Amino acid sequence: MTNAIPQHSPVMDANPENIARAADLLRQGKLVAFATETVYGLGGDATDDRAVAAIFAAKNRPDFNPLIAHVPDVQAAERLVEMDGRARRLAAAFWPGPLTMVLPRRKDCPVSLLASAGLNSIAVRVPAHPLALELLRAAARPIAAPSANPSGGVSPTTAAHVAEGLGDKLAMILDGGACAVGVESTVLDLTTEQATLLRPGGITLEQLAEALAAPVAIAQGHDETGPKSPGMLASHYAPGLPVRLNVETANNGEALLGFGPAAAADMSLSPSGDLAEAAANLFAMLRALDRPPFRGIAVSPIPAHGLGLAINDRLRRAAAPRS
Ligand code: TXA
Ligand code: MG
């Protein structure tokens, strides 16, 4: 069940020496994967067109899908984007943490246009993992970091997951242990009059609405000008095996990924029915069940509130028809 780290793996302990080396590699335009509190990120210098192009190439990612610029604090974010009152309030409430804000790009913003896919906005976030913060401070530049997996596949929540999918394409993988949150950051569009949820994630809709003292709109997929948040493509986060949702009893040959106390499950996202625990286990368990003798993965119903919104979003895409 464990994901063995391949030989010649670039996985390194996150000690100060290796973090300093990783920052040097980033400054030279190399790619470094690192732990965040959500999932592992595939980092490159966001101001360097060639490093950004190398990220897209390593992931085999469609180039219209823009990347998040990771920074160590609000001051660094203010150098990239125009932050309004709402953005400052949300930053005070949730940064460092699993919230990404899409904001108007500043005129003097140094982020590569390739990283933002030519949009007038930039997605920014301050991650909460101490390793990520130390690396960002040492690199002293915004770091573009999509999830460190081949495009379309299950996101990585351990260094071994990263090594399995992208090991030969990276200068270093900084091991910060298993990711505590386990689903990606919430992506919130603040370029619109009403704050609009583009991707549910580690900060819940309920938390956002409370901090803003205003309701949050939910984006309905693509508009006619193209995907607003291309992370909303239908099939994504997909294991190799087919996935079936809201299942009480697995079919012959299917693994059952359970939730809550009653399930006679092969694995349980959370036996006690805790959504935070389920989010933290989601991607690792999808990977663990994605192998023989199983021929499919059936998943128990997950409640739709709080972190359940993000979990159900990832599961729907994992179960979507593959293109
Ligand atoms: O938790 C996370 O956010 C992780 C860790 C590594 O920080 N990163 C991550 O990045 O999930 P990625 O590239 O897999 O997802 C970025 C999402 C995509 O849905 C993308 O379309 C959206 O953010 N996005 C980025 N820039 C945007 C922009 N300017 N406007 C709208 N959506 C944007
Ligand atoms: Mg991703």
Side-chain angles (χ1 to χ4, degrees), residues 31-44 46 52 55-56 58-71 80-81 94-105 109 111-129 131-133 135-136 142-157 161-162 165-166 174 176 179-192 196-203 219 221-223 225-238 279 283 310 313-314 317-318:
L31 302 185
V32 172
F34 59 96
T36 82
E37 80 283 25
T38 58
V39 300
Y40 274 70
L42 168 49
V52 172
I55 293 175
F56 286 118
K59 277 186 69 88
N60 197 14
R61 175 164 173 145
D63 63 1
F64 53 76
N65 200 347
L67 304 176
I68 298 168
H70 294 69
V71 290
L80 308 182
V81 291
F94 301 118
W95 278 357
L99 174 66
T100 294
M101 293 192 254
V102 175
L103 289 160
R105 179 187 185 100
C109 172
V111 170
S112 152
L113 284 168
L114 188 58
S116 60
L119 298 172
N120 291 325
S121 57
I122 305 268
V124 286
R125 124 167 164 92
V126 178
H129 198 297
L131 152 63
L133 288 172
L135 180 65
L136 292 170
I143 298 299
S147 52
N149 56 283
S151 193
V154 180
S155 303
T157 54
H161 295 162
V162 179
L166 294 175
L174 272 178
C179 302
V181 176
V183 291
E184 288 83 350
S185 62
T186 302
V187 180
L188 187 70
D189 189 355
L190 290 172
T191 65
T192 47
T196 305
L197 183 75
L198 299 180
R199 177 177 76 181
I203 298 293
H222 305 193
D223 64 23
T225 61
K228 180 81 184 181
S229 186
M232 303 178 78
L233 294 172
S235 175
H236 210 87
Y237 313 105
F283 290 133
D313 169 78
R314 304 306 188 270
R317 290 162 212 275

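Here the structure is a predicted model, which means the values were calculated and not measured. Both counts, for ligands and for their atoms, begin at 1 and track the order of listing.
Side-chain contact check for Arg125 and Thr36: at least one donor-acceptor pair (N or O, by modelled atom type) lies under 3.5 Å.
Listed by number with element, the atoms of ligand 1 under 4.0 angstrom from any heavy atom of Ala123 are 25 (C), 26 (N), 27 (C). Interface of Thr38 with ligand 1, defined as ligand atoms under 4.0 Å from a residue heavy atom, comprises 1 (O), 2 (C), 4 (C), 5 (C). Near Gly41, meaning under 4.0 Å from any of its heavy atoms, are these atoms of ligand 1: 6 (C). If you number the atoms of ligand 1 from 1 as listed, the ones under 4.0 Å from a heavy atom of Val187 come out as 23 (O). Those atoms of ligand 1 with a heavy atom of Leu198 less than 4.0 angstrom away are 31 (C), 32 (N). The contact set between ligand 1 and Leu119, taken as ligand atoms under 4.0 Å from a residue heavy atom, comprises 28 (C), 29 (N), 30 (N).
Proximity of Val81 to Val102: side-chain heavy atoms (C-beta onward) are nowhere separated by under 4.5 Å. In this structure the side chain of Met101 reaches within 4.5 angstrom of the side chain of Trp95, judged on heavy atoms. For the pair Asn149/Val154, no side-chain contact is recorded, criterion being any heavy-atom separation below 4.5 Å from C-beta on.
Under 4.0 angstrom from ligand 1, the non-hydrogen atoms of Arg61 all belong to its side chain.
Ring geometry, Tyr237 versus Phe283: the interplanar angle falls under 30°, so the pair is classed parallel (tilted spans 30 to 60°).
Proximity of a side-chain donor or acceptor of Thr38 to a complementary backbone N or O of Pro98 within less than 3.5 Å is not detected. Of the possible donor and acceptor atoms, none in the side chain of Arg314 sits under 3.5 Å from a partner among the backbone N and O of Ala279.
Any N or O atom pair closer than 3.5 Å counts here, and Ser121 shares at least one such pair with ligand 1. Considering backbone and side-chain N/O atoms, Arg199 comes within less than 3.5 Å of an N/O atom of ligand 1. Checked by distance only, ligand 1 and Asn65 come closer than 3.5 Å through their nitrogen or oxygen atoms.
Within the coordination shell of the Mg ion (ligand 2), defined by N, O or S atoms under 2.8 Å, Tyr237 is absent.
Look at Ser147 and you'll find a heavy atom under 4.0 Å from some atom of ligand 1.
Here the closest non-hydrogen pair linking Ser121 and Ser116 is O-CB, 3.6 Å.
Note that the CZ atom of Arg105 and the CG atom of Leu119 stand 9.5 Å from one another [nearest 0.5 Å].
Scanning Ala145, Ser185, Ala144, Ser155 for the heavy atom closest to atom 8 (N) of ligand 1 points to Ala145.
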